[in-house]
Amino acid sequence: MYSVRIITPLEKDRLLAEIDTRLIERKANLHGACVKLLTDDPSFKRNGRITSGS
C-alpha cells in the first residue's frame with residue numbers, strides 16, 4: 001500500500017529541483033485522462049506503452 005501526502009506547489013518545486021537530473025518522464029492515458037508520470041527507475045523508460053488495466 002502507498003501512502004499519499006498532499007504538498008504545496010512550492011514544496012513540489014523544491015523536491016523536483018533535488019531530483020531533476022535523474023527524472024524520467026512519461027505521459028499515460030488513464031481512462032481518458034492524461035497523466036504525467038515521473039520516476040527515477042531506468043526500467044520505466046525501457047518498457048513499452050503505458051495503459052490502464054481493465
Side-chain angles (χ1 to χ4, degrees):
M1 194 93 186
Y2 292 98
S3 63
V4 176
R5 184 170 61 103
I6 306 297
I7 62 173
T8 66
L10 185 61
E11 189 174 359
K12 177 203 65 132
D13 291 342
R14 183 186 59 76
L15 291 169
L16 286 177
E18 288 178 16
I19 60 173
D20 188 44
T21 58
R22 57 181 197 255
L23 274 183
I24 298 163
E25 176 182 321
R26 295 281 301 269
K27 291 185 180 175
N29 184 351
L30 302 175
H31 299 289
C34 184
V35 177
K36 186 191 305 184
L37 305 169
L38 300 168
T39 185
D40 62 350
D41 181 357
S43 67
F44 185 75
K45 187 174 186 177
R46 292 189 299 270
N47 291 336
R49 227 174 98 171
I50 300 169
T51 57
S52 59
S54 300

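- Residue Leu16 is tested with Arg14, Glu18, Lys12 for a side-chain contact (heavy atoms from CB on, under 4.5 Å); the sole match is Lys12.
- Remark: Leu38 CG to Leu15 CG distance equals 11.5 Å, nearest 0.5 Å.
- Residues passing the side chain to side chain donor-acceptor pair (under 3.5 Å) test with Glu25, sequence neighbours excluded: none.
- Residues that satisfy the side-chain contact (heavy atoms from CB on, under 4.5 Å) test with Leu10, not counting sequence neighbours, are Thr8.
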